[in-house]
Amino acid sequence: MWLNPEEVLLKNALKLWVTEKSNDFFLLQRRRGHGDTGGKFTGLLVGALDSVLDSNARVTPFRILLQMPGSQVSWTIACGAAVGEMNRHWDWLVQNLLHSLSVFENKEDVASFVKGKVKGLIAEEVTGRQVAQEEEPEKFRETLLKFELCFGLPSSEKLVTTYSCCCWKGRVPRQGWLYLSINHMAFYSFLLGKEVKFVVPWAEVTRLERVSTGLMTDMVRVMTRRCQRDFSMFLSLDEAFGVIGQLADIALRRLLDSEGLELDRVLQQSSNITKRVLEEQALRTYVLALFRLPRGERLQEVALCSVWTPHARCHTTGTLFTTDSYLCFASREEGHCSLLIPLSEVISIEKAESTSLLPNPVIVSVRSKKAFQLIELQDRDSLVDSLTSRLRALQWKHSMFRSKKSLTMEQVKERLWEDHFPEYGRGVHMFRTEKIQKLVAMGIPESLRGELWMTFSDASSELASHPGYYSGLVTESMGQSSLATEEIERDLHRSLPDHPAFQNVKGIAALRRVLTAYAHRNPKIGYCQSMNILASVLLLYTKEEEAFSLLVAVCERMLPDYFNRRVIGAQVDQSVFEELIRERLPELAEHIPDLSPLSSISLSWFLTLFLSVLPFRSAVCVVDCFFFHGIKAIFQLGLAVLDANATALCASADDGQALMILTGFLDQVKYDEGPSPPAPHPLLSQSGEEEGRPPVKQHTLITDLIADSYEKFGDLTVRQIEKLRCRHRIQVLQAHEDTTKENALRVVTPDVSLSPENLADVYDLFKTEHFINLYWGDGGTTLALQHHDPGRPYVEQYRVDRVQFKSLYMLLVPWLCGFHTDTVAHRTFTLLDQDRDSLITFREFAGWLDTLYCEELNEKVRLLYRLHIPPALTESEDDPSPLRSPQLSTTRPLHVELPNGEMRDFQEQLKQMLKDLAKEKEKDVEQPVPPMNQCCLCPPS
């Protein structure tokens, strides 16, 4: 463990310590005699000395010293009883501190820096233990007080956690504390008499990276549009990087893409966000993605256990995750074995007698007359009680599901599946193992495809839980007309036009009902292109109601945020795909530094699950893998396609040729028909050999391509994908923000005379003021109306209310009216708020500011005049100043009472103001300078 640095006065006294590892600044030493089994005299002597000198005989056998070159003084900074722990401490020092110590010029600075860092690590460990034990430990209160005093943020700015680390400025590290709050990242350092502090709003973060430099092997880089900050020497860099990414992602989604967090209720209230909540949310996101659960599911319990797996004749160790409606089991090694049991299928959950061979067993019985045995469950009683309580609360509604009759005979595959079911189970609670992965990769037989799609996606449970739901939606949506229904009608005949099923009225009508029912169910998505292709394929293998349930599962759970106006989810995954290309296919990335053209080509692969680019029978095999593995299957296959064509792509001259290479390859990916292939499908009649297309492999089997993707890229995990999605979502949302800003400035610039640079700064200030209310607002009606809406025109996406406008007014207005400033700001807002929604847009704000600074005098006076008449002046205005008294209305002459009691008409007063302003303007005209009296040395005017 780390120790408060303690000076060693007798270095190597009596040769009590043996040096195991050393470098210029650190020594790892072992207590002489420790580990010696020969009973040497030196070891016995050292043991006797330890007993005499230390009454408790607790001298640890290992320690790490900080030493200064040429000095006889050292400091103990760590000690331990286990060599593994000390090696981890040593590795951390070498990786995080050793390289940076060379920048210091004297030994005192080195010692001060290292001792400060070690004390920070100790404080961080203590804080972590306290947070784990208490909801609000005293240490955290002290840290919160320092945070508020150092940075001056409102008390409502909730601090989430802190980390001891270094912030780099060039080649010089600054040891300090990184404070992470719900809206900001802040750093404070006070070292050698110099104070450094800064605050970075999460809304300005454009990119997060883990990078290595010449000085540091690993650091966190936070980039904004204006600067770059590098942090290193974290006690746990993985944890810190994960929390930073989560907070930035949550803040940006809350501020810029509120729809994305609609179901994450705990994150909508920023006051609920703590480090523990972030850890729970990260785990919940992983579990939902791993088992493709509905996004509204809440994670209830997590427990280590072992499950009896009949196919392996043993218990498989892993983790049990329970949610509102599911029991989920995943083996230690992701993908080795998993199990999904909907609570709607469970009959009973019972505790069995515990034995030495079967400790703490639990038996879960399901409707298919099958039972699952779980053992080694810690806190078994409370877990079973909680599950039983939720089980009783469910109202069991079960409908039998039967698969469609086979359209084609694939006897070998069917026999393999029929042999598989008795051993591994059939239905949504079957064991999902590596063997089933191989069966899926071979292509699911068409007689079982619909059933297994419903099973893998768990759409069957959703369908059974809501009988009559689809027919009700069809009835409600019948005859309604909207933009979505118009787009659906336009695309109906473009959905698999060569397939016989959609060349008749019956097939088109079924497709129309499925798409229209979904648009009615989820108006936020409505209808998006590519949904018609997906729904068409689903209808070929399932009943109409089942196809609807599968479409819901894909759009809302398996491909979240793909099918909406901005297709944020698809863009995030394209950004993730680019990083995976750089990581997994480095030679291709080296030859093609700009991967955006490849990303634009692969976008359709993700949006349509390869249905739009592969021959039909081959593409359906990809959909098989997608329903089993989720988006991971599409990432793997995409990498395999690029890997198979890497040589040709590296030699391609331009983007067009790269597109032709990939299109030609995908056209030639065939389906293995076996020894007696059926008649070719209408969609397979195209040869794909177009004139001018580069030569491609004559026949590539889809099964071979899928197997290749598993072999080369199968180590890609759901956890890795979710971490990458979290980080790349920040970049995608910020890219959308840049586009919004560019378009807003493009629209407003022709209407104002402000310079482009000044207008851009005004936009940033206006947007920042908009965010302030979202940071610390009370969540009322005004805040809901004010929330960022990407669907509005560019100049109306950000709006400010009256209070925020007054804040901007005080910052920017060239006229300050003393006691009357608040009244004038209030009237100005009322004047600009033309639609009376208590909010003003950037266009209105920029036009007003342009009048103040750039318009002619008569326009400024006109604005001033309008502030003294309705609608700026209202009957309800509460203003005791002469500007408001007596009460004005539109039905009597406008007048004001002067201090001397004289009544003057507003028009007369306005004429006088114009005369006075004209005189002032004449004074500003350049006049000949009179001769200067040389006797007086006056400063130039």
Side-chain angles (χ1 to χ4, degrees), residues 262-267 280-303 305 307 318-330 338-350 362-368 370-372 374 377 382-401 425-432 451-470 521-522 545-546 548-560 627-628 630 718 722:
E262 181 180 3
L263 295 177
D264 299 334
R265 297 176 182 175
V266 69
L267 300 179
E280 293 172 354
Q281 187 64 23
L283 181 60
R284 173 182 173 273
T285 301
Y286 166 68
V287 172
L288 296 188
L290 182 62
F291 295 97
R292 275 85 71 191
L293 301 181
R295 297 177 72 182
E297 286 291 305
R298 295 171 299 174
L299 189 61
Q300 298 290 350
E301 294 97 7
V302 179
C305 69
V307 172
T319 306
L320 176 70
F321 305 97
T322 71
T323 69
D324 295 333
S325 308
Y326 296 89
L327 297 177
C328 311
F329 174 82
S338 63
L339 176 65
L340 180 68
I341 307 176
L343 281 179
S344 58
E345 293 291 314
V346 175
I347 297 176
S348 64
I349 301 175
E350 300 173 328
V362 171
I363 307 299
V364 180
S365 302
V366 296
R367 292 179 178 277
S368 59
K370 191 170 184 177
F372 299 90
L374 291 77
L377 278 163
S382 61
L383 176 64
V384 172
D385 290 344
S386 176
L387 288 173
T388 303
S389 176
R390 296 205 299 276
L391 192 61
R392 290 171 180 168
L394 291 176
Q395 296 180 351
W396 304 115
K397 295 180 180 180
H398 182 71
S399 61
M400 299 300 295
F401 172 73
R426 187 167 190 168
V428 71
H429 43 69
M430 69 169 61
F431 285 100
R432 307 182 189 198
E451 175 188 347
L452 290 174
W453 284 1
M454 294 287 289
T455 296
F456 294 151
S457 66
D458 192 40
S460 56
S461 297
E462 289 293 307
L463 182 61
S465 301
H466 302 89
Y469 177 66
Y470 171 70
R521 164 193 165 88
N522 192 340
E545 188 176 25
E546 296 164 353
F548 171 80
S549 298
L550 285 171
L551 185 64
V552 170
V554 172
C555 294
E556 298 178 10
R557 290 194 276 124
M558 304 185 73
L559 294 178
F627 276 116
F628 182 72
V718 174
E722 289 304 311

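Since the structure is predicted, the reported quantities are computational estimates derived from the model, not experimental observations.
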What are the two closest non-hydrogen atoms of [X] and [Y], and how far apart are they?
X: Pro294; Y: Leu288; result: O-CD2, 3.8 Å
X: Ile341; Y: Val364; result: CD1-CG1, 4.5 Å
X: Phe321; Y: Val287; result: CD2-CG2, 3.6 Å
X: Gly296; Y: Asp324; result: O-OD2, 4.1 Å
X: Thr322; Y: Leu383; result: CG2-CD1, 4.4 Å
X: Leu391; Y: Ser348; result: CD2-CA, 4.2 Å

> Picking from Arg298, Glu297, Gln300, what satisfies side chain to side chain donor-acceptor pair (under 3.5 Å) with Thr323?
Replying inline: Glu297

>> Phe456 vs Met430, test: side-chain contact (heavy atoms from CB on, under 4.5 Å). Steps then yes/no.
In response: CA-CA 9 Å; Phe456 294 151; Met430 69 169 61; 4.1 Å; yes

> Hey, mind stepping through Thr388 and Asp385 against side-chain contact (heavy atoms from CB on, under 4.5 Å) and telling me if it holds?
Replying inline: CA-CA 5 Å; Thr388 303; Asp385 290 344; 5.5 Å; no

Quick one: list whatever passes side chain to side chain donor-acceptor pair (under 3.5 Å) with [X], sequence neighbours left out.
X: Ser386; value: Glu301, Arg390
X: Ser457; value: none
X: Thr285; value: none

What residues, two or more places apart in sequence or in another chain, satisfy salt bridge (charged side-chain N to carboxylate O under 4.0 Å, His left out) together with [X]?
X: Glu722; answer: Arg725
X: Glu556; answer: Arg521
X: Glu280; answer: none

> Taking Arg367 for the side chain and Ser344 for the main chain, is one N or O donor matched with an acceptor at less than 3.5 Å?
Replying inline: yes

>> Let me confirm one number: the CD-CG distance from Glu545 to Leu550, rounded to the nearest 0.5 Å.
In response: 11.5 Å

>> Measuring from atom CG of Leu293 to atom SG of Cys328, what distance do you get when rounded to the nearest 0.5 angstrom?
In response: 4.5 Å

> Using the ring of each side chain (for Trp, its six-membered ring), is Tyr470 parallel, tilted or perpendicular to Phe548, with breaks at 30° and 60°?
Replying inline: tilted

>> Test side-chain contact (heavy atoms from CB on, under 4.5 Å) on Leu340 and Glu345; report intermediate values, then the result.
In response: CA-CA 11 Å; Leu340 180 68; Glu345 293 291 314; over 6 Å; no

> Are side-chain heavy atoms of Met454 and Leu463 found at a separation under 4.5 Å?
Replying inline: yes

>> If you apply the rule side-chain contact (heavy atoms from CB on, under 4.5 Å), what do you find for Leu374 with Phe329, and how did you get there?
In response: CA-CA 10 Å; Leu374 291 77; Phe329 174 82; 5.8 Å; no

